[in-house]
Amino acid sequence: MRLKISAGYPGKPGVLRDVALEIAPGEIVGLVGRSGEGKSTLILSILGLLGLKNGTCTGGIEFQGRDLLRLKEKEMRKLRGLQIALVPQSPLSALNPNLRLGAQLEECWRAHRSGKPEWQPLLASVSLPTEPAFLRLYPRNLSVGMAQRFLIALALLHRPALLLADEPTSALDTITQAEILALFRRLNQETGVSILYISHDLASVAAICQRVAILHRGELVENAPTEEIFRTPQHPYTRQLLAAIPSLPRVMNEAPPAVQTGGLAALDSVHRTPAAAETTDDLSRLRS
Ligand SMILES: Nc1ncnc2c1ncn2[C@@H]1O[C@H](COP(=O)(O)OP(=O)(O)OP(=O)(O)O)[C@@H](O)[C@H]1O
Ligand code: NI
């Protein structure tokens, strides 16, 4: 995907100004910025859903040889979920509370295809229980981390080429965050899915992204390989984000200042989060 867009809302123009971003097949790109910098606006623009918030987007979004901004809604609907899928921010509110998990999988499947596949391989791929009893649960029976895994499974259902992840770990505790990050990384390696990973937390993005773009006041102030961002940040805003990384205290104790010396080495520990850390809660624990 290659895009160059400007976007805004009535009474709030210029939320994105000539933002240019490229995501190669199989690449994980991070988009980082504080609250209100326009991250979700970018995601909604890609999905063709900005109109739902009365926003408008101009420019071009090239995906699989077509410009998404020139597609009709009917054509966009075919792409959404099938070729481009979204992992939303708050897992529990994104699921239908009144539908069993099995029914939600079926509904999602039937949006684009007929019949009904075996769900086990999909559930196993996100380290969720594969027993039939799991599919009879309701969202409220899940922990937030499991709900997020389930949403990732839904997003991957049709094997999309591009996954848009909008702060997918912001509702999770630190350990669960690391597990979900490891999951994204593994899924990317196993399936080759491209991921645009959005976050306000530079540390979590650095853990899985080859490249990071920094969004500030509607513009990309930096767009470089992750290592460069950490070693030689060019923009003052990037330096502020680096200085604000809260998840490095352990490292800073060992070799301060982490950003200049060991920032990336520290993040390697997240890279190497062992598969064993991706534990699957068993059903008995869920029900207790
Ligand atoms: N429907 C709307 N009408 C007017 N302004 C809006 C609308 N939606 C968002 N905005 C404004 O656009 C800017 C960007 O919002 P956006 O949701 O894209 O930010 P974000 O980077 O995703 O923030 P967060 O990290 O809090 O999710 C903000 O200033 C926001 O107030
Ligand atoms: Ni947002």
Side-chain angles (χ1 to χ4, degrees), residues 1 3-21 23 28-61 68-69 73 76 80 84-95 144 147-148 151-152 154-155 162-174 176-177 180-181 184 195-209 211-223 229 233 235-247:
M1 154 164 309
L3 62 80
K4 187 168 187 202
I5 56 172
S6 298
Y9 303 94
K12 179 99 189 162
V15 170
L16 300 176
R17 294 194 305 279
D18 278 335
V19 167
L21 195 65
I23 307 159
I28 311 184
V29 174
L31 182 71
V32 180
R34 293 206 183 113
S35 185
E37 302 281 16
K39 304 182 298 296
S40 297
T41 303
L42 184 98
I43 289 222
L44 290 172
S45 302
I46 296 174
L47 289 167
L49 294 175
L50 202 57
L52 294 178
K53 292 180 76 186
N54 287 321
T56 46
C57 177
T58 56
I61 305 177
L68 300 188
L69 292 185
E73 169 54 23
M76 268 317 284
R80 277 197 297 266
I84 305 177
L86 173 71
V87 180
Q89 190 158 9
S90 39
L92 288 171
S93 59
L95 292 166
V144 194
Q148 191 56 282
L151 277 169
I152 295 170
L154 284 178
L162 175 65
L163 207 57
L164 305 173
D166 192 356
E167 310 225 25
T169 64
S170 59
L172 309 176
D173 63 76
T174 317
T176 315
Q177 265 182 26
I180 294 288
L181 281 170
F184 273 111
I195 302 176
L196 177 61
Y197 188 95
I198 295 215
S199 179
H200 57 261
D201 174 19
L202 192 48
S204 65
V205 159
I208 62 164
C209 297
R211 211 150 46 77
V212 178
I214 310 281
L215 186 63
H216 181 48
R217 294 190 180 153
E219 289 178 19
L220 281 196
V221 295
E222 204 146 349
N223 182 1
I229 296 271
H235 196 278
Y237 183 69
T238 311
R239 284 184 219 121
Q240 277 178 30
L241 289 174
L242 283 166
I245 290 179
S247 43

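All ligand and atom numbering here is 1-based and tracks the order in the structure. We use all heavy atoms of the structure for the numbers below, so side chains are in, but hydrogens, waters and symmetry mates are not.
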| said: Counting C-beta onward and ignoring hydrogens, is there a side-chain heavy-atom pair between V144 and T176 closer than 4.5 Å? | reply: no
Side chain proximity check, Q148 to V87, heavy atoms < 4.5 angstrom: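 Yes, at least one pair of side-chain atoms sits under 4.5 Å.
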Going by heavy-atom distance to atom 15 (O) of ligand 1, choose the closest among L42, L215, T41, L31.
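Going through L42, L215, T41, L31 one by one, T41 has the nearest heavy atom to atom 15 (O) of ligand 1.
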### Query
Which option out of S35, G33, P10 puts a heavy atom nearest to atom 26 (O) of ligand 1?
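Heavy atom nearest to atom 26 (O) of ligand 1 belongs to S35.
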### Query
Out of curiosity, is H200 lining ligand 1, as in a heavy atom under 4.0 Å away?
no
Do [X] side-chain atoms and [Y] backbone N/O form a donor-acceptor pair below 3.5 Å?
{"X": "R80", "Y": "L86", "value": "no"}
{"X": "S199", "Y": "V32", "value": "no"}
{"X": "K39", "Y": "G33", "value": "yes"}

**Item:** Residue portion contacting ligand 1 (non-hydrogen atoms closer than 4.0 Å) for K12
**Value:**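 Under 4.0 Å from ligand 1, K12 contributes side-chain atoms alone.
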Distance to 0.1 Å, residue and atom name: give those for the protein heavy atom nearest to [atom].
{"atom": "atom 14 (C) of ligand 1", "answer": "G36 O, 3.4 Å"}
{"atom": "atom 1 (N) of ligand 1", "answer": "K53 O, 3.3 Å"}
{"atom": "atom 9 (C) of ligand 1", "answer": "Y9 CE1, 3.4 Å"}
{"atom": "atom 17 (O) of ligand 1", "answer": "S40 CB, 3.8 Å"}
{"atom": "atom 25 (O) of ligand 1", "answer": "K39 NZ, 2.7 Å"}

Would one find an N or O of [X], backbone or side chain, under 3.5 Å from an N or O of ligand 1?
{"X": "V15", "answer": "no"}
{"X": "Q89", "answer": "no"}
{"X": "G38", "answer": "yes"}

Item to complete: Run the numbers for me: atoms of ligand 1, each under 4.0 Å from some heavy atom of E167, listed by number.
Response: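 Heavy-atom distances to E167 below 4.0 Å select 25 (O).
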Provide the number and element of each atom of ligand 1 under 4.0 Å from a heavy atom of R34.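 The atoms of ligand 1 under 4.0 Å from a heavy atom of R34 are 21 (O).
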Between L50 and the options L16, T41, T56, the side chain to side chain contact (heavy atoms under 4.5 Å, CB included) test singles out T41
Taking M1 as the fixed residue, which of L196, V29, L68 is the one that meets the side chain to side chain contact (heavy atoms under 4.5 Å, CB included) rule?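 For M1, the side chain to side chain contact (heavy atoms under 4.5 Å, CB included) test succeeds with only one of L196, V29, L68, which is L68.
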Query - Metal site the Ni ion (ligand 2): N/O/S of S35 inside 2.8 Å - result: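 No - counting backbone and side chain alike, S35 has no N, O or S atom under 2.8 Å.
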Could you check whether atom CZ of R239 has more than 12 heavy atoms from other residues, nucleotides or ligands sitting under 6.0 Å from it?
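Counting other residues, nucleotides and ligands, CZ of R239 exceeds 12 neighbours.
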Notebook entry, point to check: Looking at atom 31 (O) of ligand 1, is any protein heavy atom nearer than 4.0 Å to it?
Noted result: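 No, there is none.
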Closest non-hydrogen contact found for I229 with E222 is CD1-CG, 3.7 Å
Query raised in the report: Do the rings of H216 and Y237 sit parallel, tilted or perpendicular, given the 30° and 60° boundaries?
Result: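 Ring orientation, 0 to 90° scale: parallel.
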